[in-house]
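Note sheet for the following structure.
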Amino acid sequence: MSSNQTLKTTLAGFHLGSCLMNASGVHCTDENELSGLLNANVGALVTKSCTLESRTGNPLPRYANIPNGSINSMGLPNHGLAYYLEFIEKSQYLHNKIAILSIAGLSKKENLELLKNADKADSIKLIELNLSCPNIPGKPQTGYDFEASEKLLAEAFEISTKSVGVKLPPYFDMVHFESMATVLKKFPVAYVCCVNSIGNALWINVENESVVIKPKNGFGGLGGMYIKPTALANVRMFYSLLDGVDIVGCGGIQNGQDAFEHILCGASMVQIGTTLWQEGPACFDRISNELSTIMQQKGYATIDEFKGKLKSMN
Ligand code: SIN
């Protein structure tokens, strides 16, 4: 990285050394993976979305690499809340990075219980409430139900004294962007992460005429290059609709240019999923260097100089 360029950012009031981090679900399920992120070139890390008790998740194979992307139906395999609370407690003084706890209760009651328990842990500074897991058979994505989202957030912000951000599913309709923004404006959300995978996609192996993952007859969340235009649209829309709320961009970031585009649309931070899965934590060095080079070529010393400044055509 050139000495003039810095990837420093601020998220929910926390000053972070880099605008890059992992996406929840990737390289963050067990202590080994999480420690790898603590040592990686990231400004923050987020845990695997957890439930109160540990879960084994959906049957294998439940993740497949596809050309320039991925499809998954993990089903929230995780070690349970206590495991992640303990990891964050142990690691909080070790590295100058914030560790975000991601939670994904399977019901409103479980989400509120997760928040209640997390509230007791001093080491928890920031929580990502996942409203968008598409992979639990029989459970809809909360973020597509605006009334249920509002009810959950109303109780969540009653209970929690922590900073709480939300991870949203991708939206595709202007009315839906506005409906969710109207809900979010009622609460002090710490940040909004756009987007989770595009739910219930289908990838086919033509050679054997089969789906490529086992759960849900092959239906799973799509990640990687295919979802970047949708992710950028969601970042841009929520950046425009939610004045002053930090946006975290997630979806299709394979290189520095992809990260640059997310920031141009308004992201303060970018999360990397599929690429991290495929390359491991070394991807953060590569993407940091690529982003810095683009900034240098364009004469930007900080990300704030171009964040949100996407131009419209007159
Ligand atoms: C999963 O565990 O199924 C993925 C989680 C998510 O997409 O939120």
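Just so you know, ligand 1 is whichever comes first in the structure, and atom 1 is the first atom listed for that ligand.
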Under a 4.0 Å threshold between the charged nitrogen and the carboxylate oxygen, would [Y] count as salt-bridged to [X]?
X	Y	answer
Lys116	Asp119	no
Lys48	Glu33	no
Asp258	Lys228	yes
Lys298	Glu305	no

Check your understanding: Pro77 near ligand 1, heavy-atom distance under 4.0 Å?
Key -> yes

Exercise for review: Report yes or no: does Pro134 have a heavy atom closer than 4.0 Å to ligand 1?
Suggested key: yes

Point to revise | Protein contact of atom 5 (C) of ligand 1 - nearest heavy atom, named by residue and atom, plus distance | key: Cys133 SG, 3.7 Å

Check your understanding: To the nearest 0.1 Å, how far is atom 6 (C) of ligand 1 from its closest protein heavy atom, and which atom is that?
Key -> Asn196 ND2, 3.5 Å

Find all atoms of ligand 1 within a distance of less than 4.0 Å from any non-hydrogen atom belonging to [X], and give their numbers and elements.
X	result
Asn135	1 (C), 3 (O), 4 (C)
Lys48	1 (C), 2 (O), 4 (C), 5 (C)
Gly75	1 (C), 2 (O), 3 (O)
Asn130	6 (C), 8 (O)

Review point. Is it the side chain (CB and beyond), the backbone, both or neither of Lys167 that lies under 4.0 Å from ligand 1, heavy atoms counted?
Key: neither

Check your understanding: Should Leu131 and Leu168 be marked as a side-chain contact (heavy atoms from CB on, under 4.5 Å) after you check the CA-CA gap, both sets of side-chain angles, and the distance that decides it?
Key -> CA-CA 6 Å; Leu131 299 179; Leu168 298 180; 4.2 Å; yes

Exercise for review: State whether a side-chain donor-acceptor pair under 3.5 Å links Asn72 with Ser70.
Suggested key: no

Check your understanding: Are a donor atom and an acceptor atom from the side chains of Thr10 and His15 found within less than 3.5 Å of each other?
Key -> yes

